[in-house]
Amino acid sequence: MMKIEKAPVPLIVPNPDDPRLTQSVAGTDQTGARVEIKVPMERPLTLYLNSQEIVTMMTIGDYPEYLALGYLLNQNMLKYNDVVTEVEYDDDLQVVVVRTSHHTNFEAKLQKRTQTSGCAQGTAFGDLLEAVESVALPKAELRTSWLYQMTQTINTMPSLYLEAGAIHGCVLCKEGTPLCYTEDVGRHNAVDKIAGWMYRHGVDSSDKILYTTGRLTSEMVIKTVRMGIPILVSRSGFTAWGVDLARQVGLTLVGRTRGKRFIALSGEERIVYDQNLAYVEEESAKHKRKGEGGDD
């Protein structure tokens, strides 16, 4: 059980050695030889808001409280000024309950879903597009020196992806320094964990950068804007609707960030080109990750 109150801000980084997050599975390789590999775990987590069941998510199972809070915030079921009195997680039942000081009823809203392009079961509710239209993102800036420092640090950190694959990562950064690095089977879960972590610890979003290993889709743009983060970066590519939405709301959108390369398709005015590319190394093959073969 977790009481919602101001708390010290913990640094969150992946823990690929956590035995709860992977499972060893035996199989055969291309030569017919027997092999054993690690694969990520996938568990159901049912979320309640007060007494109402909201959704059952498939997740690797770490940070369920952050995931629950972030999901509700990014679906506009919680506002950032709402008072959350308690988050209760039951590991045996795989249930998390978020309790608020005010009455909530989302039966009508639950009928108004739009299936999104996120892997696994990402859903955005019907009024989310309207909710982001009125958001004014901070001016902020993105120095290319921060961008290269950030991507180099992320690519060389231990991660569940490098241990077992089949996973997405999202990282909240300040300047070039990672602050909160989460992973999950769906990028929407990973970013929701960051949203919950920020809400739980009162983290200011105005000077932050959000990095993701996944595609820059409409869903990722909406979630980033909902969180009040002005800059979204990915090592993968873009979708047309994601770019259109980013341009509408003034979000800086940077994709295909690999080695020295990147492409910005929205919010370029925030970028400060202060890094001499002669001093930037190309990405090492051993650190290549999801999206290297295309725009996955």
Side-chain angles (χ1 to χ4, degrees), residues 11-47 55-68 70-71 89-96 115-123 151 153-172 178 180-197 210-217 219-220 223 234-237 258 283-296:
L11 176 67
I12 290 181
V13 295
N15 181 11
D17 297 324
D18 187 338
R20 300 171 303 165
L21 304 184
T22 61
Q23 177 180 325
S24 294
V25 179
T28 58
D29 68 9
Q30 68 279 356
T31 69
R34 296 293 293 174
V35 295
E36 188 172 283
I37 66 169
K38 287 186 176 180
V39 298
M41 296 292 290
E42 197 174 8
R43 301 180 177 88
L45 177 67
T46 300
L47 167 62
V55 69
T56 296
M57 302 173 279
M58 299 307 297
T59 172
I60 60 174
D62 64 343
Y63 304 113
E65 296 92 347
Y66 292 151
L67 176 56
Y71 179 91
Y89 172 63
D90 189 306
D91 187 56
D92 292 332
L93 297 177
Q94 294 294 291
V95 167
V96 59
Q115 188 70 29
T116 68
S117 55
C119 52
Q121 289 295 317
T123 55
T151 55
T153 301
I154 292 168
N155 285 343
T156 54
M157 290 175 71
S159 71
L160 194 59
Y161 176 82
L162 291 179
E163 180 74 16
I167 208 85
H168 275 289
C170 289
V171 190
L172 185 73
C180 182
Y181 186 162
T182 63
E183 294 180 300
D184 214 302
V185 288
R187 61 181 172 270
H188 51 278
N189 284 350
V191 73
D192 284 349
K193 289 176 188 176
I194 290 178
W197 177 84
L210 182 63
Y211 174 94
T212 177
T213 58
R215 298 183 303 275
L216 296 171
T217 63
E219 179 186 28
M220 285 302 297
K223 286 179 181 287
S234 174
R235 66 174 290 102
S236 191
R258 303 168 193 164
E283 185 174 83
S284 170
K286 69 179 180 180
H287 295 132
K288 290 183 179 179
R289 299 191 175 197
K290 192 170 183 66
E292 191 60 22
D295 287 345
D296 295 342

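On a predicted model such as this, the values are computed, not experimentally measured, just so you know. Note: hydrogens, waters and symmetry copies are ignored here, and every other heavy atom, side chains too, is used.
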Intermediate values then yes/no, side chain to side chain contact (heavy atoms under 4.5 Å, CB included), Trp197 and Thr182: CA-CA 10 Å; Trp197 177 84; Thr182 63; over 6 Å; no
Step-by-step side chain to side chain contact (heavy atoms under 4.5 Å, CB included) determination, Arg235 to Ile154: CA-CA 11 Å; Arg235 66 174 290 102; Ile154 292 168; over 6 Å; no
Verdict with supporting geometry, Val185 and Ile167, side chain to side chain contact (heavy atoms under 4.5 Å, CB included): CA-CA 5 Å; Val185 288; Ile167 208 85; 4.3 Å; yes
Trace of the side chain to side chain contact (heavy atoms under 4.5 Å, CB included) decision for Thr217 with Arg187: CA-CA 11 Å; Thr217 63; Arg187 61 181 172 270; 3.4 Å; yes
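Listed by first and then second residue, the salt bridge (charged side-chain N to carboxylate O under 4.0 Å, His left out) pairs that reach into residues 22-34 come to none, sequence neighbours excluded.
Between the Thr46 side chain and the Thr56 main chain, no donor and acceptor come within less than 3.5 Å of each other.
In this structure, the separation between CG on Leu160 and CG on Asp17 is 10.0 Å, given to the nearest 0.5 Å. Interatomic distance, Tyr66 OH to Asp192 CG, rounded to the nearest 0.5 Å: 14.5 Å. In this structure, the separation between OH on Tyr181 and CG on Asn15 is 12.5 Å, given to the nearest 0.5 Å. The distance from the OG1 atom of Thr213 to the CD atom of Glu183 is 8.0 Å, given to the nearest 0.5 Å. In this structure, CZ on Arg258 lies 8.0 Å from CD on Glu283, to the nearest 0.5 angstrom. Interatomic distance, CG of Leu47 versus OG1 of Thr59, reported as 11.5 Å (0.5 Å rounding).
Scanning both residues, Leu45 and Pro64, for their nearest heavy atoms gives CD2-CB, 4.0 Å. Pairing each heavy atom of Ile60 with each of Arg43, the nearest pair is O-NH1, 2.5 Å. Across all non-hydrogen atoms, the minimal contact from Ala190 to Asp184 is N-CB, 4.0 Å. Contact record, Pro16 with Ser159: CB-O, 3.6 Å, taken as the closest heavy-atom pair. The two residues Val171 and Pro178 have their closest heavy-atom pair at CG1-CB, 3.7 Å. Scanning both residues, Ser234 and Gly214, for their nearest heavy atoms gives OG-O, 2.6 Å.
Using a 4.5 Å cut-off on side-chain heavy atoms (C-beta onward), Met58 and Pro44 make contact. With a 4.5 Å cut-off on side-chain heavy atoms, Tyr161 and Pro14 do not count as touching. Inter-residue side-chain proximity for Leu210 and Lys223 is flagged as unmet; no heavy-atom pair is nearer than 4.5 Å.
Considering only residues two or more places apart in sequence or on other chains, Thr212 meets the side chain to side chain donor-acceptor pair (under 3.5 Å) condition with none of them.
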Donor-acceptor list for residues 19-26 side chains, cut-off 3.5 Å, not counting sequence neighbours:
unit_1	atom_1	unit_2	atom_2	d
Arg20	NE	Asp18	OD1	3.1
Arg20	NE	Asp18	OD2	3.2
Arg20	NH2	Asp18	OD2	2.7

